[in-house]
Amino acid sequence: MAEQRHRVVVVGAGFGGLFATKALRNAPVDVTLINGTTYHLFQPLLYQMATGILSEGEIAPPIREILKRQENVRVLLGTVTEVDPEQRTVTAVAPGTSYTVEYDSLIVAAGASQSYFGNNQFAEHAPGMKSIDDALELRGRIFGAFELAELATDPATIERLLTFVVVGAGPTGVEMAGQIAELAHRHLPGQYDRIDPRKARIILIDALPTVLSTFGDRLSTTALRQLHLLGVEVELETKVVDVDETGIEVETRDGLRRIESLTKIWAAGVAAPALSRQLAEATGAKTDRAGRLQVNPDCTVPGHPEIFAVGDMMALDNLPGVAQVAIQSGKHAAGQIKRRLAGEEAGQPFKYFDKGSLATIARFHAVASVGRFHFAGLAGWLLWLVVHLLYLVGFKNRVTAVMHWFVSFIGRGRSERVATFQQVFARRALQQYRDHLP
Ligand SMILES: Cc1cc2nc3c(=O)[nH]c(=O)nc-3n(C[C@H](O)[C@H](O)[C@H](O)COP(=O)(O)OP(=O)(O)OC[C@H]3O[C@@H](n4cnc5c(N)ncnc54)[C@H](O)[C@@H]3O)c2cc1C
């Protein structure tokens, strides 16, 4: 009878899980990759999907297609709800079914979810930016607000509809605010009869005193100037204290203030996924304040050398939740498994190579911090373009993304504007349905 090969289960097909799986391509292992969706999501471009530049297919290629030439991998749809470290099994659920898979080595790369800092009720009126569903809902809300403003007659209602508030001035918030401003000032003018989209207010709010605080003072100041040039109102040292259907309440040094706005976008805060808590309870591992698993320097879970936690859900040396940490830690976990199977010494600490940070503010303008080098303006934007093309998965996706960028950045088109009522209202309808369940 043929000897059973080493079984590796990878949970999550984001950057961490996908790159770990690919790194095991020629290893003498059988890999089972379990993911909650059928696609690999390129989260850094979600904001372009929400603002009509890219389509969902371009940033979310099917996992099966990406891995179709890798013979030692089996792809399964499922949300892993439980890891049993004693039995060495994971249990997953998919619509109408559940199943259990055994492993010899486990790589958990379940990413992160949105945090509302204990105010989950804000989510109903201020969607986050973590998933395709979020971006489609936001697309519907943003373009829908302009449509409703065209129908409205009361000036206060029009103003509320044309006020967009983005909470969180990190890269996602800055990119989102910049794109809504470009939409209002450059793409939509001339398409409506009664309203002038240029009158839209785009407000970017953060509790901190700077935008893009992790990029350093110089780039932060450049980004702030560029946002002002785009017409974005930046309100710093401003804390959101309440969000409801028609507005947002903020606290500043001068006290409480209300901003009337139908469209609010939450781009602040991350929390570890539910699986992180379950894994911590099952293994006795500790978690940090965001719920991320505290791992050993080699990315293994303490007391369980066969379990690795990588990417956004691991807490190690204060590493940031960025794509490169996930990619490199996923590859490191795969490398450790290969070393063990080859009888080589393992347990080497994960060493992160910081390739830098990028954030676009508008077309032809981005800030980039690469080691000691700081770029802004066109140079930063060209670097952004090259990096995103390199990491977008799939040749076809790269070609169509470039075409869409050409249409949006050189021309004035926003071709991916399809939005349905289902996209906008399904989440709330589902929530209400769940609330009424016994
Ligand atoms: C809007 C946005 C913009 C960003 N911009 C940048 C940027 O410009 N540059 C940068 O470096 N980083 C950026 N990031 C961060 C970057 O995307 C993450 O650091 C990276 O995706 C983390 O990879 P990961 O594999 O840990 O998790 P993810 O990529 O989130 O992947 C997790 C995967 O696990 C799956 N999953 C989750 N739970 C389960 C479960 N229980 N069972 C099965 N599957 C599960 C999910 O479906 C998903 O496919 C951005 C993130 C967001 C949200």
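Both counts, for ligands and for their atoms, begin at 1 and track the order of listing. Scope of the values below: all heavy atoms of this structure, side chains included, with no hydrogens, waters or symmetry mates.
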Taking N or O atoms only and a 3.5 Å limit, does [X] qualify as a polar contact for ligand 1?
| X | result |
| --- | --- |
| D312 | yes |
| G16 | yes |
| Y39 | no |
| A323 | yes |
| N35 | yes |

Among all protein heavy atoms, pick out the one at the shortest distance from [atom]; state its residue, atom name and that distance to 0.1 Å.
| atom | result |
| --- | --- |
| atom 38 (N) of ligand 1 | A110 CB, 3.5 Å |
| atom 44 (N) of ligand 1 | G36 N, 3.1 Å |
| atom 27 (O) of ligand 1 | G111 CA, 3.1 Å |
| atom 31 (O) of ligand 1 | G14 CA, 3.2 Å |
| atom 14 (N) of ligand 1 | P44 CG, 4.2 Å |
| atom 17 (O) of ligand 1 | Q43 OE1, 2.9 Å |
| atom 3 (C) of ligand 1 | T172 OG1, 3.3 Å |

Below 6.0 angstrom between ring centroids: does that apply to [X] and [Y]?
| X | Y | result |
| --- | --- | --- |
| F15 | Y391 | no |
| F409 | W381 | yes |
| F308 | F350 | no |

Hey, does [X] sit under 4.0 Å from ligand 1 if you only count heavy atoms?
| X | answer |
| --- | --- |
| P273 | no |
| P171 | no |
| G78 | yes |
| T79 | yes |

Taking [Y]'s backbone N and O only, do any of them form a donor-acceptor pair with [X]'s side chain (distance below 3.5 Å, no angle check)?
| X | Y | result |
| --- | --- | --- |
| Q114 | M129 | yes |
| N397 | G57 | yes |
| N35 | H40 | no |
| S213 | T210 | no |

| query | Should one rank G128, A109, G17 by closest heavy-atom distance to atom 32 (C) of ligand 1, which comes out on top? | reply | A109
| task | Could you check which of L358, L18, V80 puts a non-hydrogen atom nearest to atom 41 (N) of ligand 1? | result |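 Looking at heavy atoms only, V80 sits closest to atom 41 (N) of ligand 1.
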| query | In this structure, are over 12 heavy atoms from other groups packed under 6.0 Å from E249 atom CD? | reply |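 For E249, atom CD is crowded (more than 12 foreign heavy atoms under 6.0 Å).
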| said: Just checking Q87: does its CD atom have more than 12 heavy atoms from other residues, nucleotides or ligands closer to it than 6.0 angstrom? | reply: no
| said: One pair to check against side-chain contact (heavy atoms from CB on, under 4.5 Å): V386 and L382. What are the steps and the verdict? | reply: CA-CA 6 Å; V386 172; L382 289 172; 5.6 Å; no
Output the list of atoms in ligand 1 that are nearer than 4.0 Å to some heavy atom of [X], sorted by atom number.
| X | result |
| --- | --- |
| V11 | 42 (N), 43 (C) |
| G321 | 15 (C), 19 (O) |
| G12 | 33 (C), 34 (O), 35 (C) |
| M129 | 1 (C), 53 (C) |
| A326 | 22 (C), 23 (O), 24 (P), 26 (O) |
| G311 | 26 (O) |
| F15 | 20 (C), 21 (O), 23 (O), 25 (O), 29 (O) |

| Residue that, paired with Y47, satisfies side-chain contact (heavy atoms from CB on, under 4.5 Å) out of T360, I265, L138 | T360
I'd like to know if [X] and [Y] make a salt bridge, using a cut-off of under 4.0 Å between side-chain N and carboxylate O.
| X | Y | result |
| --- | --- | --- |
| D134 | K130 | no |
| R139 | E56 | yes |
| R141 | E137 | yes |
| D30 | R7 | no |

